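I have placed the structure first, in the form of structure tokens, so that the comments after it can refer back to it.
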Amino acid sequence: QVQLVESGGGLVQAGGSLRLSCVASGRTFRRYAMGWFRQAPGLEREFVAAISWSGSSTRYADSVKGRFTISRDNAKNTVYLQMNSLKPEDTAVYYCAADNTYGVRGVDYEYWGQGTQVTVSS
């Protein structure tokens with residue numbers, strides 16, 4: 001069982017930056033691949049980024065590639081999402097998720113956080 005708690009969301013102007021954090025409970029954090037997803041009002045949840053259990057491999061949605069960076073600190077049971085050059089279309093609730101599969105689909109992930117709101121003003 002893994003519990004995930006996100007933080008770091010907020011209101012930022014276009015072109016600004018935010019860093020999201022997701023802290024996981026339990027000693028098995030380092031066994032899991034971690035992902036970030038987002039969901040905007042009226043839209044389906046979409047993949048943002050994922051990182052392998054060791055942190056040696058990452059993958060990104062095309063819409064955020066070059067602007068967002070996912071990283072993890074297994075000693076702190078924490079995964080991060082550094083978001084730069086934010087755009088109004090990045091506005092969404094951002095969720096972190098954990099699983100063994102390192103997938104890009106929401107159904108690939110078993111454990112989810114409660115989400116943190118990111119709002120980018122134009």
Side-chain angles (χ1 to χ4, degrees):
Q1 187 76 13
V2 177
Q3 293 184 328
L4 305 172
V5 179
E6 303 97 333
S7 62
L11 173 64
V12 64
Q13 289 188 333
S17 298
L18 282 175
R19 189 176 81 155
L20 305 184
S21 300
C22 173
V23 179
S25 64
R27 295 175 293 177
T28 59
F29 172 76
R30 64 187 64 208
R31 299 180 184 176
Y32 291 98
M34 299 296 296
W36 285 98
F37 291 77
R38 66 187 181 186
Q39 187 168 20
L43 299 179
E44 293 186 353
R45 181 177 56 195
E46 65 173 354
F47 170 76
V48 175
I51 188 166
S52 63
W53 67 271
S54 66
S56 61
S57 182
T58 58
R59 57 204 328 185
Y60 296 93
D62 288 343
S63 58
V64 306
K65 203 171 293 183
R67 300 189 298 123
F68 290 11
T69 302
I70 188 171
S71 62
R72 66 190 296 162
D73 184 339
N74 285 345
K76 296 182 178 180
N77 279 14
T78 302
V79 62
Y80 304 98
L81 185 68
Q82 178 67 45
M83 305 186 295
N84 299 329
S85 303
L86 282 161
K87 305 174 181 180
E89 51 264 42
D90 294 318
T91 295
V93 177
Y94 284 71
Y95 300 90
C96 72
D99 203 75
N100 296 317
T101 61
Y102 186 45
V104 299
R105 304 177 305 163
V107 295
D108 293 331
Y109 289 81
E110 181 175 4
Y111 303 106
W112 292 84
Q114 83 289 348
T116 186
Q117 176 71 45
V118 172
T119 303
V120 184
S121 63
S122 57

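Position 1 is the first residue of the sequence; numbering continues from there. These values consider heavy atoms only, across backbone and side chains, with no hydrogens, waters or symmetry-generated copies. If you're wondering where the values come from, they're calculated on a predicted model, not measured in any experiment.
- Looking at residues two or more places apart in sequence or on another chain, you find no ring-ring contact (aromatic ring centres under 6.0 Å, His included) involving Trp53.
- Between Ile70 atom CD1 and Gln82 atom CD the span is 12.0 Å, to the nearest 0.5 Å.
- When all heavy atoms are compared, the tightest approach of Val118 to Gly9 is CG2-CA, 4.1 Å.
- For Ala98, the side chain to side chain contact (heavy atoms under 4.5 Å, CB included) criterion is met by Leu4, Tyr32, Met34, Tyr111, not counting sequence neighbours.
- Thr58 pairs by the side chain to side chain donor-acceptor pair (under 3.5 Å) definition with nothing, not counting sequence neighbours.
- Remark: the backbone N or O of Gly103 is paired with a side-chain donor or acceptor of Tyr109 at under 3.5 angstrom.
- Looking at Asn77, its side chain does come within 3.5 Å of a backbone N or O of Ala24 through a donor-acceptor pair.
- From Ser122, atom OG reaches atom CD of Gln13 across 9.5 Å, with rounding to the nearest 0.5 Å.
- Listed by first and then second residue, the salt bridge (charged side-chain N to carboxylate O under 4.0 Å, His left out) pairs involving residues 7-26 amount to none (not counting sequence neighbours).
- For Thr119, the side chain to side chain donor-acceptor pair (under 3.5 Å) partners at least two apart in sequence or on another chain are Gln117.
- Hydrophobic clustering (ILVMFWY, side-chain heavy atoms < 4.5 Å, transitive): Val12 and Val48 are in one cluster.
- Evaluation of the salt bridge (charged side-chain N to carboxylate O under 4.0 Å, His left out) test over residues 106-122, restricted to residues two or more places apart or in two chains, returns Arg105-Asp108.
- Put simply, the side chain of Glu6 gets close to the backbone of Gln114: a donor and an acceptor are under 3.5 Å apart.
- Distance OG1/Thr78 to CG/Leu20: 12.5 Å, rounded to 0.5 Å.
- Linking Ile, Leu, Val, Met, Phe, Trp and Tyr residues whenever their side-chain heavy atoms come within less than 4.5 Å leaves Val64 and Phe47 in two separate clusters.
- Partners of Gln3 according to the side chain to side chain contact (heavy atoms under 4.5 Å, CB included) rule, which considers only residues two or more places apart in sequence or in another chain, are Ser25.
- Checked against side chain to side chain donor-acceptor pair (under 3.5 Å), Ser56 has the following partners two or more places apart in sequence or in another chain: Ser54.
- Listed by first then second residue, pairs satisfying salt bridge (charged side-chain N to carboxylate O under 4.0 Å, His left out) with a partner in residues 90-102 read Arg38-Asp90, Arg67-Asp90, not counting sequence neighbours.
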Check the pair Trp112, Arg45 against side-chain contact (heavy atoms from CB on, under 4.5 Å), reporting the backbone distance first and the verdict last.
-> CA-CA 13 Å; Trp112 292 84; Arg45 181 177 56 195; 3.5 Å; yes
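- Pairs of residues two or more places apart, or lying in two chains, never qualify as ring pair (Phe, Tyr, Trp, His ring centres under 6.0 Å) while including a residue from residues 57-106.
- When the side chains of ILVMFWY residues are joined at heavy-atom separations under 4.5 Å, either directly or via intervening members, Leu81 and Phe29 end up in a single hydrophobic cluster.
- The side chain to side chain donor-acceptor pair (under 3.5 Å) test applied to Asn100 returns no partner, not counting sequence neighbours.
- No continuous path of hydrophobic side-chain contacts links Val79 to Phe37 [ILVMFWY only; heavy atoms under 4.5 Å].
- Within the structure, salt bridge (charged side-chain N to carboxylate O under 4.0 Å, His left out) pairs that include any residue of residues 53-62 comprise Asp62-Lys65 (at least two apart or interchain).
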